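For reference, the structure discussed in these notes is given below.
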Amino acid sequence: MKLQHRLLILLSLLLVFGLTGCGSSDDIVTNVGELQFEKPLNIPELLEPTIDSDGTKHFNLTMEPGTTAFFPGKKTDTWGINGSYLGPTIRVSRGDQVSFDVENKLGETSTLHWHGMMLPPKMDGGPHQMIEAGKTWSPHWTIDQPSATTWYHPHLHGKTAQHVYRGLAGMFIIDDEDSKKLPSNYGVNDIPLIVQDKLFTSDGQLLEDDDTSYGTMGDEILVNGTYDPYLEVTDSQVRFRILNGSNARAYNVGFNDGRSFQLVANDAGLLNEAVTLDRVRLSPGERAEIVVEFEPGDETILRSFSSSAGIESGEFDLLKIVAASELTQSSPISEKLSSIPPIEVPENAKVRQFKLTMENEINDKKMDMQRIDEVVPAGTTEIWEIHNFGPEHNFHIHDAAFRVLDVNGEEPREFERGRKDTVFVPHGGSVRLVVEFGNHPETEDRLVCHCHLLKHEDEGMMGQFLLVEPGTESHVPTELPKKNIEHNDH
Ligand code: C2O
Ligand code: CU
Ligand code: CU
């Protein structure tokens, strides 16, 4: 009798604690109910190129410190590109020749990486192409890849988290004939959404709190650098290009009124056919293009729903969208979106294994600028298997596009079946990717692959690979002489 009694008490205690979550780890970080949606969403300006005599589109970017008014009456110290926070949107078409002057006025070294771009490794803007304070870096290449929503951000080894967190990032849109069939009127029915979580001090300064193992996890949201944003739309169909530009947090995006949307593109390009969904998960660095239908007078909130989706999703209102009382009617989007077939596994594809660890290492090694981890024939397609023995991570490959073959041995979820360059890797799980590499062989200029949780990346969760002329893989030294760390000095 006594024992039974005690067991009963124990059982009810377990039940009570179980239901209330028994501690803070289950408390969901949220801003739901806190916003007024009073500020018009900032739309980053489209940067106008100058056209060189040979037709090259030339863009000038200046990285600089500034102050930004996120909150009424408060000035926040921030960094930006051609402005005080974030950078302009660059928009070009497949086949364009582009060139840039990237001027560094930050007062310290940085880099500017073109995330998602297929280009000669020298132009990639990764950890190797440093731009010292006061200097200008001038990369150029020809846009040769399918339409996509790509982006740019610093990539200085050990400093990426800080530089991105302070505000250095922007969107880079590539158009082609397929993508132009979708809503494409920038700022009207084609809207960039750069989603970032931030921590602010009481006087409105950005807090670079790095306490969690994932890095800075904010409790406030900025979209395109706007706090408390709303957007009025005037079209019955609007395409949103959502970029997770956060340091670590993942989002599980949908609408508070339960409306569905059509997913039309992943990171690296259009899907072959649109998929109707009501959620899409974006871990840091990932993008999704969605097309949403509106009725006149509609009001809805774009929200990140808390779930088991990963990296402490939280529950966040991102943006209130209000549809005008009269809408420009657009014709329904065509069923077939992309004329580019999905990436296929070639016969005898080379398989490489990558182990992500608890210590933020890849294959038990920290990033070493002098060590080349993989030598890959340029232009080939390989299978890369990513096994996660640590907490949650994701994985991004430079100068490549991939398709997820499976996640934990099963077909990937619907929102991650298209062309990608960054993928979430579940805790204790694995993903298999079929990866198409860029076609610019090099003997010295390295590319990187890494976890896109910026603290992990900074701590060395990154490897280097070379894309070489096919057949020359075995001739490449895997240690580099010290002097090969380039400095940019023009
Ligand atoms: Cu978004 Cu290696 O970068
Ligand atoms: Cu990248
Ligand atoms: Cu990681």
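As the structure lists them, so they are numbered: ligands from 1, and atoms in each ligand from 1. In this text, all values refer to a predicted model and were calculated from it rather than measured experimentally.
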Restricting to N, O or S atoms, which atom of His456 is closest to the Cu ion (ligand 3)? ND1

Among N, O or S atoms, His393 approaches the Cu ion (ligand 3) most closely through ND1

Within the 6.0 Å centroid threshold, strictly below: [X] and [Y]:
X      : Y      : result
Phe305 : Tyr251 : no
His450 : His155 : yes
Trp114 : Trp151 : no

Could you tell me if the side chain of Pro426 sits less than 4.5 Å from the side chain of Val407, heavy atoms only? yes

Salt bridge between Glu344 and Arg403, side-chain N to carboxylate O under 4.0 Å? yes

Confirm or rule out an N/O/S atom of His452, from backbone or side chain, lying less than 2.8 Å from the Cu ion (ligand 3). no

The Cu ion (ligand 2) to His396: any N/O/S contact under 2.8 Å? yes

Taking N, O or S atoms only and a limit of 2.8 Å, check whether His113 reaches the Cu ion (ligand 2). yes

Is it true that, when you exclude Lys180 itself, more than 12 heavy atoms of the residues, nucleotides or ligands shown sit nearer than 6.0 Å to its NZ? yes

If we check ring-ring contact (aromatic ring centres under 6.0 Å, His included) with His452, which of these qualifies: His115, His113, His398? His115

For the side-chain contact (heavy atoms from CB on, under 4.5 Å) test, which of Val32, Thr30, Val29 pairs with Phe316? Val29

Sort by chain and number the protein N/O/S atoms that are closer than 2.8 Å to atom 1 (Cu) of ligand 1, and list them. His115 ND1, His153 NE2, His452 NE2

